[in-house]
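Here is the structure we will look at, set down as structure tokens.
Reckoned from all heavy atoms, side chains included, excluding hydrogens, waters and symmetry mates. Just so it is clear: chains get the letters A, B, ... in the order the sequence lines come, proteins before strands, and each one is counted from 1.
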Amino acid sequence: MGLEEQKRILEDEYPELARPGRAGEKRAETKRLPPLPGAEKGRVVTRFAPNPDFAMHIGNARPAILSHEYAREYRGKMILRFEDTDPRTKTPIKEAYDLIREDLKWLGVKWDEEHVQSLRMEFFYEAAREALEKGCAYIDLCGEAGRELLREGKYCKTRDNSPEWQLGEFDKMLSGVYGEKEAVVRVKTDPNHPNPSIRDWVALRIIDTSKTPHPLVGDKYIVWPTYNFAVTVDDHLMGVTHVIRAKEHEVNTEKQLFLYKCLRWEPPRFIHIGRLKLEGFILSKSFIRKIMDENPGKFWGFDDPRFGTIAGLRRRGITPEAIREVILHLGVKHTEATLSWANLASINRKILDARSDRIMFVESPRAFRVSMDKCREASIPVHPDRPETRKYRICPGDIVYLDSRDVEESPRVRLLGLDNFSVEKERSLLEMIGGGVEYARKASIPIIQWVPASRAVDVKVLKPEGLELVESRGVAEEAIRNYRIGDTLQFVRYGFIRIDKTGSDVTVIYTHD
RNA sequence: GCCGCGGUAGUAUAGCCAGGCCAAGUAUGCGGGCCUUUCGAGCCCGUGACCCGGGUUCAAAUCCCGGCCGCGGCACCA
């Protein structure tokens with residue numbers, strides 16, 4: 001069926017669809033998120049609560065983007081809260097606070113409020129006193145034995161002491177009377193709960209910050225809230241209505257509900273989503289740390305394009321729009337999802353296509369002398385959707401570079417924007433045969449990219465493949481110098497790339513085809 | 001081992017709560033075609049799935065039970 005016929009049928013049968021549309025418009029109608037349970041317009045408060053001990057990866061981006069999207073959809077607000085209450089085993093990294101802020105901004109996630117838990121310690125102490133006073137929590141002075149007792153469904157006898165005693169002991173904890181592991185605040189749940197970790201879970205513990213100082217507050221505090229306690233208190237204090245977090249928190253939700261109930265706080269709605277993996281990429285913090293340690297010099301840092309970190313994807317040329325679209329498409333499903341690279345690349349390609357200028361790049365270049373009757377001007381479109389072109393004056397005897405594979409595959413080629421030639425490999429000669437683009441089409445002569453030798457720039461292409469970075473070299477039109485680090489381009493018939501380094505030669509990272 | 005959650009095409013997702021309009025929609029992938037001075041984009045056509053077994057019902061992807069498989073959790077981590 002010819003195009004005209006297709007158009008006619010479309011217009012006859014579906015006139016409402018026949019209006020010319022652009023790719024962007026189609027994407028605008030991306031699927032909507034399912035409604036938030038119990039949400040009221042203007043009263044939704046969500047939060048994204050990362051631990052600043054590492055850069056963000058695409059898995060963390062999921063709750064961040066969903067929290068933002070829902071807040072926006074319901075005209076509510078979103079809170080960014082750094083959960084840095086463990087200076088001992090998950091020590092926060094000072095730089096990570098900014099890295100996360102940067103990544104979020106880049107992803108288009110805008111937050112309305114920001115808090116840092118290590119700067120809110122008084123609130124946690126206050127809440128602890130309230131819990132102690134109301135009999136929702138107690139001080140466990142049994143040390144290691146306390147945990148053992150709970151494992152057997154029993155508990156430390158201090159559980160039954162009066163609120164006055166509890167408050168008194170809490171002050172002693174704060175003033176440094178007890179060392180690590182000697183005293184701990186527990187929330188009363190059910191000492192016989194089938195899940196032992198839920199039995200009277202720990203709300204605050206002592207961390208000797210003279211040994212393991214906190215990057216923000218040093219050794220100012222020794223009594224630190226645990227994740228579950230800090231989260232519950234802050235979600236309540238900040239009026240969070242909807243918590244969207246990974247499903248590894250399901251048990252935590254159950255723990256937290258005991259506190260909400262005892263303190264008569266209204267709990268938010270909890271939505272648990274599955275973890276997200278990206279095909280062919282490593283996301284795990286610990287694994288990234290490990291391979292970086294084991295292979296000094298091999299990786300570039302958090303933003304290595306071989307990692308599934310936000311910074312890595314950015315450096316590779318993935319757009320925030322594509323990440324957002326993919327994540328919204330995933331929705332709030334409970335199951336684990338493995339994002340296929342092909343899918344991400346496809347969405348990204350459509351976005352990049354519109355905004356990436358075209359440059360001719362030749363991999364493994366081979367020089368050919370042009371043989372023709374007179375000088376000619378070649379016009380290379382900067383972008384197929386726009387009229388601008390780059391002009392090259394090519395004269396008999398000039399040298400051009402062609403991809404050696406292209407000349408292997410065909411005895412005749414059309415140099416894009418110039419003319420048709422027959423290839424004489426032995427003499428490294430291109431003999432003009434003319435005939436225009438119509439002839440090239442009809443005769444199935446491949447239209448290939450080429451680079452004038454007099455105006456070629458050396459280019460190094462780095463292609464991430466698993467844990468390797470495959471390097472190849474070639475030449476590109478000198479027009480590549482018009483672009484800066486961070487710009488994306490399409491190398492004609494090669495793929496999309498992002499400029500990573502400029503200098504005497506140019507280093508680019510291969511994004512995808 | 002113990003607790004919890006889930007299983008729709010190669011991948012991802014819609015539908016499941018409120019059973020029929022679902023011989024299952026969409027994206028991507030794959031095959032074919034159109035268009036095009038790129039093997040890109042766009043357009044058209046095609047391909048391909050309800051984990052298995054029982055039950056309830058006039059009717060089940062949807063509800064119930066069992067099995068299998070997958071995932072999460074079982075910290076004084078977040």
| said: What contact category does Y494(A) fall into here, base, sugar-phosphate, or nothing, at under 4.0 angstrom with non-hydrogen atoms? | reply: nothing
| Taking a pair as Watson-Crick or G-U wobble with both distances under 3.5 Å, which nucleotide is matched to rC74(B)? | rG1(B)
| field | Parallel, tilted or perpendicular: ring planes of W224(A) versus H214(A), cut at 30 and 60 degrees | value | parallel
| request: Indicate, with a heavy-atom threshold strictly under 4.0 Å, whether R275(A) touches base, sugar-phosphate, or nothing. | output: sugar-phosphate
| For R88(A) and rC77(B), is the shortest distance between a side-chain N/O and OP1 or OP2 below 4.0 Å? | yes
| request: Could you please spell out the steps behind the ring pair (Phe, Tyr, Trp, His ring centres under 6.0 Å) verdict for H249(A) and Y227(A)? | output: CA-CA 11 Å; H249(A) 288 297; Y227(A) 168 79; 5.1 Å; yes
| Between rG46(B) and rG6(B) - P atom distance, rounded Å | 36 Å
| query | With a non-hydrogen cut-off below 4.0 angstrom, is D353(A) in contact with a base, only sugar-phosphate, or nothing? | reply | base
| note | Nearest-nucleotide check on RNA chain B, H193(A) vs R151(A); residue mapping nearer the 5' end is H193(A)
| request: Check whether the side chains of N348(A) and H512(A) place a donor and an acceptor atom closer than 3.5 Å, and report yes or no. | output: yes
| request: Give none if rG40(B) has no partner; otherwise give the nucleotide forming a Watson-Crick or G-U wobble pair with it, both distances under 3.5 Å. | output: none
| So what does E83(A) touch, heavy atoms closer than 4.0 Å: a base, only the sugar-phosphate, or nothing? | sugar-phosphate
| task | Taking Q490(A) for its side chain and H383(A) for its backbone only, find out whether a donor-acceptor pair lies under 3.5 Å. | result | no
| What nucleic acid atoms does G179(A) come within less than 4.0 Å of, heavy atoms only: base, sugar-phosphate, or nothing? | nothing
| request: Using whole Å, report how far CD of E336(A) lies from P of rU11(B). | output: 14 Å
| Is it true that a side-chain atom of T309(A) and a backbone atom of F302(A) form a donor plus acceptor pair closer than 3.5 Å? | yes
| task | Tell me what T85(A) touches on the nucleic acid: a base, only sugar-phosphate, or nothing, going by heavy atoms under 4.0 Å. | result | sugar-phosphate
| query | Which nucleotide, in any strand shown, forms a Watson-Crick or G-U wobble pair with rC35(B), with both distances under 3.5 Å? | reply | none
| Strand partner of rC21(B), provided both Watson-Crick or wobble distances fall under 3.5 Å | none
| query | Within the pair R205(A) and rA78(B), is there a side-chain N or O less than 4.0 Å away from OP1 or OP2? | reply | yes
| message | Let's test this: given Watson-Crick or G-U wobble pairing with both distances under 3.5 Å, identify the partner of rA61(B). | response | none
| field | Distance below 4.0 Å between R62(A) side-chain N/O and rA12(B) OP1 or OP2 | value | no
| request: Write down the partner of rG6(B) under the Watson-Crick or G-U wobble criteria, each distance required to be under 3.5 Å. | output: rC69(B)
| query | Which part of the nucleic acid, if any, lies within contact of T338(A), taking any heavy atom under 4.0 Å across all strands shown: a base, the sugar-phosphate backbone alone, or nothing? | reply | sugar-phosphate
| message | On RNA chain B, does the nearest nucleotide to E250(A) precede the nearest nucleotide to P381(A) from the 5' side, or the other way round? Give the residue. | response | E250(A)
| Across the strands shown, which category fits N60(A) at heavy-atom distances under 4.0 angstrom: base, sugar-phosphate, nothing? | nothing
| query | Using purine N1 to pyrimidine N3 plus N6-O4 or O6-N4 for Watson-Crick, or N1-O2 and O6-N3 for G-U wobble, both under 3.5 Å, which nucleotide pairs with rC16(B)? | reply | none
| said: Base, sugar-phosphate or nothing for D84(A)? Non-hydrogen atoms, less than 4.0 Å. | reply: nothing
| Can any side-chain N or O of R62(A) pair as donor or acceptor with the backbone N or O of G331(A) at less than 3.5 Å? | yes
| query | What nucleic acid atoms does R358(A) come within less than 4.0 Å of, heavy atoms only: base, sugar-phosphate, or nothing? | reply | base
| Any donor-acceptor pair under 3.5 Å linking the side chain of D98(A) with the backbone of E95(A)? | no
| said: Would you say K333(A) places a side-chain N or O within less than 4.0 Å of OP1 or OP2 belonging to rU13(B)? | reply: yes
| message | Tell me which nucleotide, if any, is Watson-Crick or G-U wobble paired with rC30(B) when both distances must be under 3.5 Å. | response | rG46(B)
| message | Nearest whole Å is fine: how far is rG73(B) P from N195(A) CG? | response | 12 Å
